[in-house]
Visitor: 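Could you have a look at this structure, given as structure tokens, before my questions?
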Amino acid sequence: MTSYSPPSRPDIHSPRYTGLATFMRAPLADRLEDVDIAIAGIPYDGALTNRPGARHGPREVRNQSSLMRAINHATRVNPYELCRIADVGDVPFTSVFDIEHTHAEITAFLSRIVKAGALPLCCGGDHSVSLPVLRAVAGTPVALIHIDAHTDTWDSFQGSKFNHGAPFRRAHEEGLIDAAKTVQIGIRGAQNVSAGWDYSDQAGMRVMFIEEVKARGIAAVVEETRGIIGDMPVYMTFDIDSIDPAFAPGTGTPEIAGLTTPEAMELIRGLRGLNYVGADMVEVSPPFDIGGLTALTGATVMYEILCLLAEARAKEA
Ligand code: MN
Ligand code: MN
């Protein structure tokens, strides 16, 4: 790990397995000035409804992300040439047994990133964390690209309306996202009630179940998604359970028959050039992982999203 002095880029001379693990081996920054893209860990899983462990996601994704390099082989984008990129550490918590207080702490941390003029790229944590991130990022309603097996537009569970199955219902109610500019991709898996799917439909979100994605192909999904989002400010949220558990078993609510990793790469790369205001990758649960496979997949998804954010930030500068 090198100390932070912009312009920042990973040390390409040392072996990648050496040093303290930061996201993508980016320098660790203890300040936000001179940072274009702030990569933050949100190690919180207090809003899960099923298998635990996503609180350990950021640490293990940092570990596996040391395998990442700079130049994207498909797009030839080098995010470190376009932007100053730093790992800004984890959101600090003072009361993890209180979901709403923890969410407020996430919003406070992310607000500092946004006010400093940096684009946030977050690593969860369970999917509930996207709501407090959106509260910091969305001054006006933003478009949403939501890649997931689940619509996460369900309602209260066990007395909390902030559980990880509900963040985008809450975000819509709070005016943080524009439902007509929201695309949910990869949805699947039986449910006991249809309330989440129904909410997305009735709100006017574009819900693409996995069967439609597979039948039409990623290129058609990309084309339609780009048409819906247009040039609106857009947030991308990527739940690792969108990917088939054969590729990403380490997650809390796995659903078989999902995206392959090549499909996920094609999908993310197809969504270049949009007006990104931030992004996250969530729900990696290391205790359920096998040989670091899911954390590596999550880290690679984050690298691909980093390339999108870097292009967006460079265009805006
Ligand atoms: Mn989710
Ligand atoms: Mn999910």
Side-chain angles (χ1 to χ4, degrees), residues 42-55 57-58 61 99 103 106 122-134 144-158 160-172 176-177 179 182-197 199-200 203 205-211 213 235-261 263-264 267-268 278-286 288-289 294-295 297-298 301-302 305:
I42 311 181
Y44 179 68
D45 66 6
L48 285 169
T49 59
N50 210 304
R51 308 195 309 188
R55 70 182 64 179
V61 170
I99 294 180
H103 281 183
I106 295 168
C122 301
C123 177
D126 70 47
H127 218 156
S128 78
V129 305
S130 296
L131 176 65
V133 173
L134 281 166
L144 182 72
I145 298 172
H146 174 201
I147 303 163
D148 199 329
H150 314 98
T151 59
D152 293 351
T153 47
W154 264 260
D155 207 343
S156 294
F157 182 72
Q158 291 281 304
S160 176
K161 58 182 193 168
F162 299 104
N163 70 80
H164 78 145
F168 304 110
R169 188 182 188 121
R170 302 284 90 86
H172 179 238
L176 303 172
I177 59 172
T182 292
V183 186
Q184 302 187 299
I185 301 168
I187 307 305
R188 64 189 185 276
Q191 297 286 345
N192 290 324
V193 292
S194 63
W197 303 330
Y199 185 90
S200 291
M205 299 176 186
R206 176 67 172 95
V207 182
M208 298 188 194
F209 280 79
I210 194 71
E211 289 75 14
V213 173
Y235 186 84
M236 177 181 279
T237 182
F238 194 107
D239 186 327
I240 202 68
D241 72 27
S242 62
I243 295 179
D244 194 285
F247 302 90
T251 194
T253 319
E255 308 285 356
I256 70 159
L259 295 172
T260 65
T261 46
E263 286 170 338
L267 177 58
I268 297 169
D280 64 51
M281 189 287 300
V282 298
E283 297 280 357
V284 170
S285 174
F288 288 97
D289 205 1
T294 312
T297 303
V301 163
M302 286 182 70
I305 295 174

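When a residue number appears, it is its place in the shown sequence, counting from 1. Atoms considered below: every heavy atom in the structure, side chains included; atoms not considered: hydrogens, waters and symmetry mates. Counting convention: from 1, in listed order, for ligands and their atoms alike.
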Visitor: Pick one: which of Leu144, Ile177, Thr182 meets side-chain contact (heavy atoms from CB on, under 4.5 Å) with His172?
Guide: Ile177

Visitor: With 2.8 Å as the threshold, which protein atoms of type N, O or S lie near the Mn ion (ligand 2)? Leave waters out.
Guide: Asp148 OD1, His150 ND1, Asp239 OD2, Asp241 OD1, Asp241 OD2

Visitor: Kindly indicate whether the side chain of Met205, heavy atoms from C-beta on, has any atom under 4.5 Å from the side chain of Thr153.
Guide: yes

Visitor: In chain order, what residues pass the salt bridge (charged side-chain N to carboxylate O under 4.0 Å, His left out) check against Arg55, with sequence neighbours excluded?
Guide: Asp45

Visitor: Hey, can you tell me if Phe168 and His146 have their rings parallel, tilted or perpendicular (30° and 60° cut-offs)?
Guide: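 Rings of Phe168 and His146: tilted, 30 to 60°.
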
Visitor: Working to the nearest 0.5 Å, report the span between CG of Leu259 and OG of Ser242.
Guide: 5.0 Å

Visitor: Is any side-chain heavy atom of Val213 closer than 4.5 Å to one of Glu263?
Guide: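 In short, these two side chains do not touch, never coming nearer than 4.5 Å.
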
